[in-house]
Amino acid sequence: MATYTLPELPYDYAALEPVINPQIVELHHDKHHAAYVKGANDTLEQLEEARDKEAWGAINGLQKNLAFHLSGHILHSIYWHNMTGDGGGEPLAADGVGDLADAITESFGTFAGFKSQLTKASATTQGSGWGVLAYEPLSGKLIVEQVYDHQGNVGQGSVPILVFDAWEHAFYLQYKNQKVDFIEAMWRVVNWQDVAKRYAAAKERGDVLLLAP
């Protein structure tokens, strides 16, 4: 039985129009995300075979593949729920997400400053990658991370709560090579209710990062 499965979308393919068209959502979820799920499961099987045979010649490549595919699966699973056709704007106490709004202000000074940093981090990834808002448990604050591919250049222990996919397959059919236009448009579909729930859950689990025995 496979360890990982492709989650269903929380909305139909057309739910994010006009920011993301239905064809992109369908291809992105049903093909690209599905490929990361299959890749993670296949790699786990290959690692099991390597253990059984004590054949470790390909261990470096297998470990890299596992990190790549598993992180791709995790980030995409967050990505779909981070968006809604009724989203956008900024988190406000009046909408029940005041704790998140306060955390953004505490960590970045202003919402505008945070928005600018995450936009630039997402739009300037070299090659393929992500812009990520993450909860960093050691400081208890929010940080922006620029993730290369799916798993590189991140702080150990940080928990992603808002992710912007900056891979070309996320936007090219609609935005061509204008990555920055896509990232700017993404702010119109951010599901702050989902981000706030992830922030609250990350804070509750923050003390599981053991720095000393």
Side-chain angles (χ1 to χ4, degrees), residues 5-34 36 72-108 110-123 125 129-135 142-145 147 159-176 178-204:
T5 58
L6 180 68
E8 294 185 3
L9 286 172
Y11 35 70
D12 62 42
Y13 296 138
L16 303 176
E17 284 193 296
V19 173
I20 307 177
N21 69 39
Q23 183 183 18
I24 289 179
V25 175
E26 181 177 5
L27 288 172
H28 196 169
H29 176 266
D30 296 1
K31 301 298 183 181
H32 291 281
H33 188 173
Y36 299 128
H73 173 39
I74 291 169
L75 288 169
H76 280 92
S77 296
I78 297 170
Y79 179 68
W80 304 122
H81 287 273
N82 272 171
M83 297 184 290
T84 174
D86 299 323
E90 62 180 277
L92 300 171
D95 297 325
V97 291
D99 287 347
L100 173 64
D102 290 344
I104 288 174
T105 300
E106 179 183 357
S107 300
F108 300 100
T110 63
F111 177 80
F114 153 68
K115 181 179 178 180
S116 179
Q117 183 176 347
L118 182 55
T119 297
K120 292 298 183 182
S122 303
T125 50
W130 300 71
V132 175
L133 173 66
Y135 175 76
L142 298 173
I143 59 173
V144 165
E145 297 180 320
V147 180
V159 180
I161 64 172
L162 173 62
V163 299
F164 281 7
D165 192 343
W167 283 63
E168 285 191 346
H169 64 238
F171 63 87
Y172 196 84
L173 289 177
Q174 184 174 356
Y175 292 85
K176 305 307 179 186
Q178 299 303 312
K179 182 191 295 186
V180 66
D181 290 346
F182 170 65
I183 300 302
E184 289 285 359
M186 275 289 297
W187 291 102
R188 292 158 52 193
V189 294
V190 173
N191 184 349
W192 291 116
Q193 297 293 329
D194 181 70
V195 180
K197 290 177 182 178
R198 294 180 186 279
Y199 170 64
K203 282 203 306 179
E204 289 179 3

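This chain uses plain numbering: 1 for the first residue, then up along the sequence.
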So which heavy atom on [X] is nearest to which on [Y], and how close?
X	Y	result
Thr125	Val147	CG2-O, 4.3 Å
Asn21	Ile24	OD1-N, 2.9 Å
Ala123	Lys179	O-CD, 3.3 Å
Tyr36	His169	OH-CE1, 3.4 Å
Pro18	Gln174	O-NE2, 2.9 Å

I'd like to check the side chain to side chain contact (heavy atoms under 4.5 Å, CB included) partners of [X]; sequence neighbours left out, ordered by chain and number.
X	value
Ala200	none
Pro7	His33, His73, Ser77
Lys115	Phe111, Thr119, Trp187

Return the set of residues passing side-chain hydrogen bond (donor to acceptor under 3.5 Å, both in side chains) with [X] (not counting sequence neighbours), or none when no residue passes.
X	value
Ser107	none
Tyr79	none
Asp12	none
Asp194	Asn82, Arg198

What pairs with [X] under ring-ring contact (aromatic ring centres under 6.0 Å, His included), at least two apart in sequence or on another chain?
X	result
Tyr11	none
Tyr175	Phe182
Phe108	Phe114

Reported CD1-to-OH distance for the pair Ile161 and Tyr135, which is rounded to 0.5 angstrom: 10.0 Å

Rounded at 0.5 Å granularity, tell me how far CZ in Phe171 sits from CD1 in Ile183. 7.0 Å

Side-chain heavy-atom pair Trp167, Tyr172 within 4.5 angstrom cut-off: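 With C-beta onward as the side chain, the pair stays apart.
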
Can you list, pair by pair, the side-chain donor-acceptor contacts under 3.5 Å of residues 83-106, counting residues two or more places apart and other chains?
residue: Thr84; atom: OG1; partner: Asp86; partner atom: N; Å: 3.3
residue: Thr105; atom: OG1; partner: Ala101; partner atom: O; Å: 3.2

Residue pairs, two or more places apart or on separate chains, that pass salt bridge (Lys or Arg N to Asp or Glu O under 4.0 Å) and touch residues 180-193: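 Sorted pair list comes back empty.
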
His32 and His28 aromatic ring geometry - parallel, tilted or perpendicular at 30°/60° bounds: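 His28 and His32: perpendicular rings.
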
With no hydrogens and no angle check, do the side chains of Asp165 and His76 hold a donor and an acceptor under 3.5 Å apart? yes

